[in-house]
Amino acid sequence: MTPFTARVVRLIQGIPEGRVMTYGQIARRAGSPRGARQVVRILHAMSERHRLPWHRVVNARGEIAIPDAAGREMQAQLLRREGVAVDAGGRVDLARFMHEPEWDAGW
DNA sequence: GCCATGGCTAGTA
DNA sequence: GCCATGGCTAGTA
């Protein structure tokens with residue numbers, strides 16, 4: 001695991017219940033302002049092994065961005081279960097639910 | 001080294 | 001257009 005990957009993992013692990021972060025926001029906090037797509041990759045590769053709350057990551061517009069319908073539905077359920085309002089279009093109000101970590105992953 | 005990958009995104013038209 | 005990875009390949013040693 002590279003240092004960048006480790007920082008991304010820690011940031012995602014630090015998202016509390018009932019809050020979300022965006023791909024780009026995580027990339028910025030991990031020191032790679034335009035690395036949003038790397039966050040996608042890491043989510044795929046590391047979610048299981050590192051017990052990442054993958055469902056707390058949405059795109060810059062607050063939308064659930066999983067390709068297949070079943071996955072989108074599952075993410076919406078997981079979020080609602082912890083108190084995040086997801087509208088019919090699969091959108092979350094970032095003004096209400098976005099998590100801003102106190103710390104930038106140390107680098 | 002090269003190249004595909006990927007659930008993106010800032011900022012035009 | 002961006003860019004960090006992993007896998008594969010040509011082509012040296």
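Within every chain, numbering begins at 1; the chains are lettered A, B, ... in the order of the sequence lines, protein sequences first and strands thereafter.
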Side chain to side chain, A:V58 and A:F97, heavy atoms closer than 4.5 Å: no
Out of B:dG7, C:dC2, B:dA10, which has the shortest distance to the side chain of A:V40? B:dG7
Value rounded to 0.5 Å, distance of CD in A:Q25 from CD1 in A:I15: 8.0 Å
Counting just side-chain N and O atoms, does A:T5 come under 4.0 Å of either OP1 or OP2 of C:dT5? yes
Indicate whether OP1 or OP2 belonging to C:dA4 is found under 4.0 Å from a side-chain N or O atom of A:R41. no
What's the CE-P distance between A:M74 and B:dG7, to the nearest Å? 17 Å
Among B:dT9, B:dA10, B:dG7, the nucleotide that comes nearest once only the side chain of A:R28 is considered: B:dA10
How many whole angstroms separate atom CD of A:Q25 from atom C1' of B:dA10? 16 Å
Classify the side chain of A:H44 and the base of B:dG7 as holding, or not holding, a donor-acceptor pair under 3.5 Å. yes
Looking at every strand, decide which applies to A:G24 at a 4.0 Å heavy-atom threshold: base, sugar-phosphate, or nothing. sugar-phosphate
For the C1' atoms, the ones on B:dG7 and on C:dG7, what distance do you get once it is rounded to whole angstrom? 22 Å
What distance separates A:L43 CG from A:L52 CG, expressed to the nearest 0.5 Å? 6.5 Å
Tell me, yes or no, whether the heavy-atom count around A:E100 atom CD, taken from other residues, nucleotides or ligands under 6.0 Å, exceeds 12. yes
Where the side chain of A:A36 is concerned, which of B:dT9, B:dG7, C:dT5 is the nearest nucleotide? B:dT9
When rounded to whole Å, the CH2 to P distance for the pair A:W54 and B:dC8 reads 14 Å
For A:I42 and C:dC2, what is the distance between atoms CD1 and P respectively, to the nearest whole Å? 19 Å
Taking B:dT9, C:dC3, C:dA4 as options, the one with an atom nearest any side-chain atom of A:Y23 is B:dT9
Inter-residue atom distance A:L11.CG - A:R28.CZ, 0.5 Å rounding: 11.5 Å
Is a donor-acceptor contact shorter than 3.5 angstrom present between the side chain of A:Q38 and the base of B:dG6? yes
Atom CD1 of A:I12 to atom C1' of B:dC8: distance rounded to whole Å? 14 Å
Can you find a side-chain donor-acceptor pair between A:H55 and A:E82 that sits under 3.5 Å? yes
Whole-Å distance, A:Q75 CD to B:dG7 C1', equals 8 Å
Who is the Watson-Crick or G-U wobble partner of B:dG11, with both distances under 3.5 Å? none
Both distances under 3.5 Å, Watson-Crick or G-U wobble: report the partner of C:dG6, or none. B:dC3
Between P of B:dC8 and CD1 of A:I66, the distance in whole Å: 10 Å
Tell me: CZ of A:R37 to P of C:dG6, nearest whole Å? 17 Å
With respect to the side chain of A:R34, which nucleotide from C:dA4, C:dC3, B:dC8 is positioned closest? C:dC3
